[in-house]
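Counting starts at 1 for both ligands and their atoms, in listed order.
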Amino acid sequence: MSFDPVELDSTPAEPGYDTDVLVVGSGPAGGSMALLLATYGVRVQMITKYSRLADTPRAHITNQRSAEMFRDMGIEHLLLREATPWELMSNTTYCTSLTGQELGRVPSWGTDPRRHADYLLASPCTMVDAPQTIVEPILVSQAQKRGAKVRFDTEYLGHEQDADGVTTTARDRLTGAEYAIRSRYVVGADGARSKVAADLGLPFEGPGAVAGALSIVFEADLSRFVAHRPSVLYWMLQPGADEHGVGLGVLRMIKPWDEWMLIWGYDPAMGPPDFTDEFVRDLAVKLVGTDDFEMRVSSRAPWTINHHFATAIARGRVFCAGDAIHRHPPNNGLGSNTSIQDSYNLAWKLAHVIKGLAGESLLDSYDAERAPVARQIVERANKSIADTGRILDALGLSDTSDVGKLEERLAVLRAPGQDGEKTREAMREAIAYKSYEFNAHGVEHNQRYASGAVLPNGTPMPTFTRDPDLYAQPTTWPGAKLPHAWVTRSGVQVSTLDLGGKGAFTVFTGIGGEAWTRAAATASAQLGLDLRVVSIGPGQPYEDPYGTWADLREIGDDGAILARPDLYVAYRVTTAPASADEATTQLTSALRTVLGR
Ligand SMILES: Cc1cc2nc3c(=O)[nH]c(=O)nc-3n(C[C@H](O)[C@H](O)[C@H](O)COP(=O)(O)OP(=O)(O)OC[C@H]3O[C@@H](n4cnc5c(N)ncnc54)[C@H](O)[C@@H]3O)c2cc1C
């Protein structure tokens, strides 16, 4: 697959600037920011503190929204080639150990037949499991191919901004030399201990560090315990497993079925335990439930479980993205996905401002649109830890530290009689409730942006007809993600999402929408914008043989939907106005408003 970028520009920065955008950090947020900006034809430099990209797997659930960004950038195939496919993500298993009593399973990540169609209908992309060790090299190597300059072993030390740009002080960690980098804008994607966010004095809410967790990555062939019940996560109810940590003890698949991450809680007030070989082996044996396996440990690290989000995410010419502004546990798998979406939201705005196609006020919409998402996902992930408590409640265990009581209550699960039946029912309900962690499709798709970069058309936001956390509800209401529908070109199936994006605005219309086609040509010439028109309907360049688009578009055949480069709806009109001139006036005015011109 080849990619046709809007514009590739490797010319040196204009005098006075080393680059247009300096990105600090090469994680999912920074990597995608560099890739997007380079693809959009913006000069971008990325500095990153270490000599390498992620050396541990960390975030792994890669949801459809992230995959859509990869698809828009023309690199979805690289992700699919390396990731563990959707079908192997099919369960979340609760048990006492891999060889112990199984308590139940949650069909996960949209693989439940009762949920699968929801996922297939929402996106042309699949869910995949792709640890950061897979995602980061793809993002960063593609960013470099498209012109981004990357400096490893380079530490951000501080910055000063003025009316025209930002001067960042960086240290070359190989030589110790400190030097300045002058850019128009800076993006702080420097993770949960973000110095950029601290230097900006961003306000945070939430209790902060709430628990501690240990991650131990190891190779061990455990296929005989797991291959018959493929899961990304195996959660273990064991004495002490609910103390601190992510809810219970976890064995997380990294590569099926011979690479694993073990997660176990620790009390941050006491500090992490000593990771001796013996300690690590004992923990692994406890969770596997037998010592009849060989293992080779590749990393061991303590980390903090946070409940912390920034309520303002930018100041002037400096923006923060990713864990720099939302710090939360891995539950729901929202870490790198949200970080990538932050960048998807901001990159086109920076590109349009830098190219002189938008006013600086467009950049204000980043905070308006993404700060509420930071709050939402931090609350969601922390709630998922609390929800795990329902499983212990179902067993009548306020904590799991009393081994005798744990054994006794687990025996009730297998016993005949009223107590057993009641406990089994409560357990089934508690485990099924975990769908809010493992099938929270709405959390991933239902953001509705309200900002200057969205033009309301006076219609109220459609109310959610199903649980908005669990179910994605597509709409073309301005501020929502453009709905996906399979349409055809010359009979070949293509997603509506494929017809937009790629750094440009797109007008979707249909039969009778010629006024919009003419309006788009005029607006494009007047504003110097890359503005595409897609007409869908019988006899149009794109056809809608299944009628899905007609069901989803919420406008008439001759209406128009204006999609932003990040595939969010900026504006919509239900029917064509009386004249082509009126359509031109409406579309140009909408674009001027959205772009702050
Ligand atoms: C052990 C562990 C396990 C995790 N597991 C999961 C999981 O299973 N699922 C999940 O969704 N999330 C998980 N997370 C969280 C997930 O890793 C983050 O949400 C995600 O990495 C955020 O991406 P980011 O780009 O914002 O930050 P990061 O990935 O943290 O990247 C920050 C980048 O900034 C660089 N940097 C930092 N300081 C400086 C500086 N001063 N100068 C220059 N560069 C700097 C770093 O080198 C790095 O490149 C885990 C995190 C940890 C620590």
What do we get for [X] next to ligand 1 when only non-hydrogen atoms under 4.0 Å count, side chain, backbone, both or neither?
| X | answer |
| --- | --- |
| Ile61 | neither |
| Trp303 | side chain |
| Leu334 | backbone |
| Ala29 | both |
| Val24 | side chain |
| Arg193 | neither |

Which of the atoms of ligand 1 are close to [X], meaning less than 4.0 Å from one of its heavy atoms?
| X | value |
| --- | --- |
| Gly333 | 11 (O) |
| Tyr50 | 47 (O) |
| Ala189 | 32 (C), 33 (C), 34 (O) |
| Gly322 | 26 (O) |
| Ser215 | 1 (C) |

How close does the nearest protein non-hydrogen atom get to [atom], and which residue and atom is it?
| atom | value |
| --- | --- |
| atom 48 (C) of ligand 1 | Ser26 N, 4.0 Å |
| atom 27 (O) of ligand 1 | Gly191 CA, 3.6 Å |
| atom 8 (O) of ligand 1 | His60 CD2, 3.0 Å |
| atom 40 (C) of ligand 1 | Tyr156 N, 3.7 Å |
| atom 12 (N) of ligand 1 | Ala59 CB, 3.4 Å |
| atom 16 (C) of ligand 1 | Gln132 OE1, 3.5 Å |
| atom 19 (O) of ligand 1 | Asp323 OD1, 2.8 Å |
| atom 45 (C) of ligand 1 | Lys49 CB, 3.7 Å |

Which option, [options], owns the non-hydrogen atom nearest [atom]?
| atom | options | answer |
| --- | --- | --- |
| atom 23 (O) of ligand 1 | Ala321, Pro28, Gly27 | Pro28 |
| atom 3 (C) of ligand 1 | Arg173, His326, Arg58, His328 | Arg58 |
| atom 7 (C) of ligand 1 | Gly188, Pro330, Ala54 | Pro330 |
| atom 37 (C) of ligand 1 | Asp190, Leu214, Ile325 | Asp190 |

How are the rings of Tyr568 and Tyr449 set relative to one another: parallel (under 30°), tilted (30 to 60°) or perpendicular (over 60°)?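 Geometry flag for Tyr449 against Tyr568: parallel rings.
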So, are Arg182 and Asp162 salt-bridged, with charged N and O less than 4.0 Å apart?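 Salt bridge flag = yes for Asp162 with Arg182.
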Test: Glu369 and Arg564 ion pair at under 4.0 Å: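 Salt bridge: yes.
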Verify the distance criterion only: is there a donor paired with an acceptor across the side chains of [X] and [Y] at less than 3.5 Å?
| X | Y | answer |
| --- | --- | --- |
| Lys434 | Thr92 | no |
| Asp199 | Tyr156 | yes |
| Thr56 | Ser299 | no |
| Arg65 | Gln341 | yes |
| Asp467 | Tyr436 | yes |
| Glu68 | Ser123 | yes |

Test your reading of the structure: does Gly335 have an N or O sitting under 3.5 Å from an N or O of ligand 1?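 Yes, Gly335 has an N/O under 3.5 Å of an N/O on ligand 1.
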Say whether Glu155, considering both its backbone and side-chain N or O atoms, lies within less than 3.5 Å of an N or O atom on ligand 1.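 No, there is no polar N/O contact under 3.5 Å.
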Could you tell me whether a side-chain N or O of [X] sits under 3.5 Å from a main-chain N or O of [Y], the two making a donor and an acceptor?
| X | Y | answer |
| --- | --- | --- |
| Thr111 | Pro107 | no |
| Arg115 | Leu470 | yes |
| Asn91 | Pro230 | yes |
| Asp367 | Ile313 | yes |
| Asp267 | Ala269 | yes |

Is there a heavy atom of [X] sitting under 4.0 angstrom from any atom of ligand 1?
| X | value |
| --- | --- |
| Ser336 | yes |
| Asn337 | no |
| Lys195 | no |
| Arg252 | yes |

I need the full list of salt bridge (charged side-chain N to carboxylate O under 4.0 Å, His left out) pairs touching residues 23-32, with sequence neighbours left out, sorted by first then second residue.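 Those involving residues 23-32 do not exist here.
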Look at atom CZ of Arg52 and say whether more than 12 heavy atoms of other residues, nucleotides or ligands are closer to it than 6.0 Å.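 Count over threshold, so yes.
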What do you reckon, is CD of Glu87 surrounded by more than 12 foreign heavy atoms closer than 6.0 Å?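 Counting other residues, nucleotides and ligands, CD of Glu87 exceeds 12 neighbours.
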